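A quick write-up on the structure given underneath.
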Amino acid sequence: MTFDFKAVNDPFGYGLIAMTVGIGLGVVGIFVDFILSLIIKNRITLNITELILVSLFLVSVWPK
(Lines give C-alpha, C1' and ligand atoms only; values in the text may rest on other atoms or scores of the structure.)
Protein backbone atom coordinates (compact mmCIF):
# COMPACT_ATOMS: atom_id res chain seq x y z
CA MET A 1 0.00 0.00 0.00
CA THR A 2 2.85 2.37 0.63
CA PHE A 3 4.16 1.95 -2.94
CA ASP A 4 0.76 2.27 -4.66
CA PHE A 5 -0.40 5.60 -3.25
CA LYS A 6 -3.25 5.97 -5.75
CA ALA A 7 -4.95 2.92 -4.22
CA VAL A 8 -4.56 4.39 -0.74
CA ASN A 9 -5.58 7.93 -1.66
CA ASP A 10 -9.21 7.25 -2.49
CA PRO A 11 -11.98 9.73 -1.65
CA PHE A 12 -13.48 7.50 1.06
CA GLY A 13 -10.29 7.01 3.07
CA TYR A 14 -10.46 3.21 3.13
CA GLY A 15 -6.77 2.89 2.27
CA LEU A 16 -5.71 4.58 5.48
CA ILE A 17 -8.12 2.42 7.45
CA ALA A 18 -6.75 -0.70 5.77
CA MET A 19 -3.17 0.33 6.55
CA THR A 20 -4.08 0.99 10.19
CA VAL A 21 -5.78 -2.41 10.48
CA GLY A 22 -2.80 -4.10 8.82
CA ILE A 23 -0.33 -2.49 11.20
CA GLY A 24 -2.56 -3.40 14.15
CA LEU A 25 -2.73 -7.04 13.03
CA GLY A 26 1.04 -7.08 12.69
CA VAL A 27 1.54 -5.77 16.22
CA VAL A 28 -0.98 -8.30 17.59
CA GLY A 29 0.82 -11.06 15.68
CA ILE A 30 4.18 -10.09 17.19
CA PHE A 31 2.61 -10.02 20.66
CA VAL A 32 1.02 -13.46 20.19
CA ASP A 33 4.36 -14.80 18.91
CA PHE A 34 6.12 -13.43 21.99
CA ILE A 35 3.58 -14.96 24.38
CA LEU A 36 3.72 -18.33 22.61
CA SER A 37 7.53 -18.30 22.69
CA LEU A 38 7.37 -17.80 26.47
CA ILE A 39 4.90 -20.67 26.91
CA ILE A 40 6.29 -23.18 24.39
CA LYS A 41 10.03 -23.80 24.76
CA ASN A 42 10.39 -26.44 22.02
CA ARG A 43 11.03 -24.64 18.70
CA ILE A 44 9.50 -27.33 16.49
CA THR A 45 6.28 -27.36 18.51
CA LEU A 46 6.24 -23.56 18.52
CA ASN A 47 6.63 -23.37 14.73
CA ILE A 48 3.93 -25.99 14.12
CA THR A 49 1.55 -24.19 16.51
CA GLU A 50 2.16 -20.85 14.78
CA LEU A 51 1.71 -22.45 11.36
CA ILE A 52 -1.65 -23.83 12.46
CA LEU A 53 -2.71 -20.43 13.88
CA VAL A 54 -1.71 -18.56 10.72
CA SER A 55 -3.47 -21.14 8.54
CA LEU A 56 -6.67 -20.85 10.58
CA PHE A 57 -6.50 -17.07 10.39
CA LEU A 58 -6.02 -17.12 6.62
CA VAL A 59 -8.91 -19.56 6.14
CA SER A 60 -11.16 -17.33 8.24
CA VAL A 61 -10.38 -14.08 6.38
CA TRP A 62 -9.88 -15.40 2.81
CA PRO A 63 -12.62 -14.16 0.49
CA LYS A 64 -14.89 -16.86 -0.92
Side-chain angles (χ1 to χ4, degrees):
M1 287 185 182
T2 57
F3 297 115
D4 188 13
F5 188 71
K6 289 181 182 178
V8 177
N9 192 18
D10 65 342
F12 299 110
Y14 292 131
L16 183 62
I17 293 170
M19 286 178 58
T20 306
V21 169
I23 291 170
L25 284 174
V27 170
V28 168
I30 291 172
F31 181 70
V32 168
D33 180 49
F34 176 71
I35 296 299
L36 284 175
S37 67
L38 291 177
I39 296 171
I40 303 171
K41 297 299 180 188
N42 186 359
R43 285 288 183 202
I44 295 174
T45 307
L46 176 65
N47 288 338
I48 291 172
T49 304
E50 289 178 347
L51 179 67
I52 291 170
L53 286 175
V54 168
S55 298
L56 289 174
F57 176 76
L58 287 176
V59 166
S60 68
V61 299
W62 200 268
K64 296 181 183 197

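Everything numeric here is computed off the predicted structure, so don't read it as measured data.
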Would you compute the distance between atom [atom1] of [X] and atom [atom2] of [Y] and round it to the nearest 0.5 angstrom?
{"X": "L36", "Y": "E50", "atom1": "CG", "atom2": "CD", "answer": "5.5 Å"}
{"X": "I48", "Y": "T45", "atom1": "CD1", "atom2": "OG1", "answer": "6.0 Å"}
{"X": "I44", "Y": "T49", "atom1": "CD1", "atom2": "OG1", "answer": "11.5 Å"}
{"X": "L51", "Y": "L56", "atom1": "CG", "atom2": "CG", "answer": "9.5 Å"}

Report task. For residues F34 and L38, determine if any side-chain heavy atom of one lies less than 4.5 Å from a side-chain heavy atom of the other. Result -> yes
Shared ILVMFWY cluster between [X] and [Y], side chains joined below 4.5 angstrom?
{"X": "V28", "Y": "I35", "answer": "yes"}
{"X": "F31", "Y": "L25", "answer": "no"}
{"X": "I39", "Y": "V32", "answer": "yes"}

Report summary line: On a heavy-atom basis, the closest approach of L46 and I40 is N-CG2, 3.8 Å
